[in-house]
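First the structure, in the form of structure tokens, and then the observations on it.
A quick note: this is a predicted structure, and the numbers were derived from the prediction, not measured.
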Amino acid sequence: MSTWNTDLIVALQSGGDALIDFFTAFTFLGNQEFYLLLLPLFFWCLDRATGARLTVIYLLSAVLNTDLKELIRAPRPLDVDPGLLAVADPDAIKAVGYGMPSGHAQLAITVWGGIAAWVKRGWFWAIALVLAFLIGLSRVALGAHYPTQVGAGWLIGLVVLLAYLALTLPVERWLGGLAFGAQMVVAVAAPAVLLVIHIEPDTIAATAVLMGLGVGLAVAGRVLPAEQGGSLWQRAARYLVGVVILLAIYFGLSALLPAEGEPLHVLFRFARYVLLGLWMSLGAPWLFHLLRLQPAGDAPLATAD
């Protein structure tokens, strides 16, 4: 790797502990756990359709990133020089596997760009770009990626974002025109194909959530209200109830089910993430309806105008 790549890492790390703490906070904004909290907020409390779109594009972008890393097989700075680790706890930077392209940088452009497209305000586009820049830069400062790997992540994220903006509505119209059975086939088959292409822990997780999400959306579109709306307290209550159970599935089942290397670990890992997708798209909205945490009387999505 060229000298300037390493020199920039060293220069950023020379800013001291306060700067490293600053970048550690921003790198969390690109971690899976952060998106686990952010995406349901849109899905349950702000706009269901946008939440579904953002979650799908996040998952597809994550699968693409994992596949590209495995194809390119470029090492991370920490693999070349462990002395570039800028934090005491390696788990703080979530740096495992290959480094090209940066997943944090790619997903930051994809998700925050998608949110900015929903907000439709120039000032929010500026915020989204700053966040994506700082999340990507944090990976350099912490020694998780070379600058070129972060730049590649930004570029690929931009391509994914443009594809999302161009293809979302046509794909939704096509899916909406399918019979329920055909929608279920697509919801199961598409993630299964993506998984078969490259079976590894990250793709297992992403495709499983995608499968659960797709199945849940197909069912919810025929049995649940089209929009959730409601007062501020209803939205806050929905999020609190939903995210508590979501985290119980994510962390609680992870502790109870077979660990990596044990028999049936892969099968149970896949099932756990399918359950996450089902909870987001069907289980939680159904519970909100039962608990009257949303206005009643809206038509199901399948019959809404």
*Quick one: does V130's side chain get under 4.5 Å of L134's, heavy atoms only?*
yes
*asked:* Measuring only between side-chain heavy atoms, which start at C-beta, is L59 closer than 4.5 Å to M211?
replied: no
*Closest approach of G114 and L161, non-hydrogen atoms and distance?*
N-CD1, 3.5 Å
*Compare all side-chain heavy atoms of E172 with those of L175 and state whether any distance is below 4.5 angstrom.*
no
*Identify whether V188 and I199 are in the same connected component of the hydrophobic contact network (ILVMFWY, side-chain heavy atoms under 4.5 Å).*
yes
*Does L37 offer a backbone N or O that forms a donor-acceptor pair with the side chain of Y239 under 3.5 Å?*
yes
*Hey, are the side chains of N65 and K69 touching, using non-hydrogen atoms and a 4.5 Å cut-off?*
yes
*Measure the spacing between CG of L78 and CD1 of I9 and express it to the nearest 0.5 Å.*
8.0 Å
*So if you build clusters from Ile, Leu, Val, Met, Phe, Trp, Tyr with side-chain heavy-atom gaps below 4.5 Å, do F26 and F124 land together?*
yes
*Is there a donor-acceptor contact under 3.5 Å from the side chain of E70 to the main chain of G97?*
no
*Do F42 and I115 come within less than 4.5 Å of each other through their side chains, counting heavy atoms only?*
yes
*Check whether any side-chain heavy atom of V266 sits under 4.5 Å from a side-chain heavy atom of F270, and report yes or no.*
no
*asked:* Please give me the minimum heavy-atom distance between M184 and A218, naming the atom from each residue.
replied: SD-CB, 3.8 Å
*Once you round to the nearest 0.5 Å, how far does CZ of R272 lie from CD1 of I204?*
11.0 Å
*hydrophobic_cluster_shared for L64 and V159, side chain cutoff 4.5 Å*: no
*Any pair counted as salt bridge (Lys or Arg N to Asp or Glu O under 4.0 Å), so long as it reaches residues 279-294, sequence neighbours left out*: none
*What are the two closest heavy atoms between A205 and R269, and how far apart are they?*
CB-NH2, 3.8 Å
*Looking at CZ of F34 and CG of L39, how far apart are the two atoms once the value is rounded to the nearest 0.5 Å?*
8.5 Å
*Heavy-atom side-chain proximity of V63 to L210 below 4.5 angstrom*: no
_Single-linkage hydrophobic cluster L107~L165, side-chain heavy atoms < 4.5 angstrom_ = yes
_Closest contact, heavy atoms only, Y146 versus R76_ = CE1-C, 4.0 Å
_side-chain contact (heavy atoms from CB on, under 4.5 Å) between Q13 and L19, intermediate numbers included_ = CA-CA 8 Å; Q13 292 183 356; L19 188 61; over 6 Å; no
_Smallest separation among heavy atoms of W44 and M280, with atom names_ = NE1-O, 3.0 Å
*Looking only at heavy atoms, which two atoms of R222 and L178 are closest? And how far apart?*
NH2-O, 4.2 Å
*Can W112 and L54 be said to form a side-chain contact (heavy atoms from CB on, under 4.5 Å), step by step?*
CA-CA 9 Å; W112 287 105; L54 290 174; over 6 Å; no
*From L36 atom CG to F251 atom CZ, the distance as rounded to the nearest 0.5 Å*: 7.0 Å
*According to the interplanar angle, ranging from 0 to 90°, do the rings of Y35 and Y58 count as parallel (below 30°), tilted (30 to 60°) or perpendicular (above 60°)?*
tilted
*Can you tell me how far the CG atom of L142 sits from the NE2 atom of H104, to the nearest 0.5 Å?*
9.0 Å
*Report yes if the side chains of I156 and I109 come closer than 4.5 Å at any heavy-atom pair, otherwise no.*
no
*Under the 3.5 angstrom rule, does the side chain of R73 hit a backbone N or O of Y98 as a donor-acceptor pair?*
no
*Between R139 (side chain) and T27 (backbone), is there a donor-acceptor pair under 3.5 Å?*
no
*Got a sec: does the CG of D21 have more than 12 other heavy atoms crowding it under 6.0 Å?*
yes
*Please assess L131 against L29 for the test side-chain contact (heavy atoms from CB on, under 4.5 Å), listing each intermediate value before the final yes or no.*
CA-CA 9 Å; L131 282 173; L29 298 183; 4.2 Å; yes
*Got a donor-acceptor contact below 3.5 angstrom from the T110 side chain to the V160 backbone?*
no
*Fit a plane to each ring of F133 and W154, take the angle between them on a 0 to 90° scale, and name the class: parallel (under 30°), tilted (30 to 60°) or perpendicular (over 60°).*
parallel
*Measure the spacing between CZ of F22 and CG of L12 and express it to the nearest 0.5 Å.*
11.0 Å
*Just by modelled atom types, is the L213 backbone N or O under 3.5 Å from a matching donor or acceptor in the S281 side chain?*
yes
*Can you hop from L155 to L60 via hydrophobic side chains spaced under 4.5 Å?*
no
_Assess the residue pair Q183 and V186 against the criterion (side-chain contact (heavy atoms from CB on, under 4.5 Å)); give the C-alpha distance rounded to whole Å, side-chain angles, the decisive distance to 0.1 Å, and a yes or no._
CA-CA 5 Å; Q183 290 179 345; V186 172; 5.8 Å; no
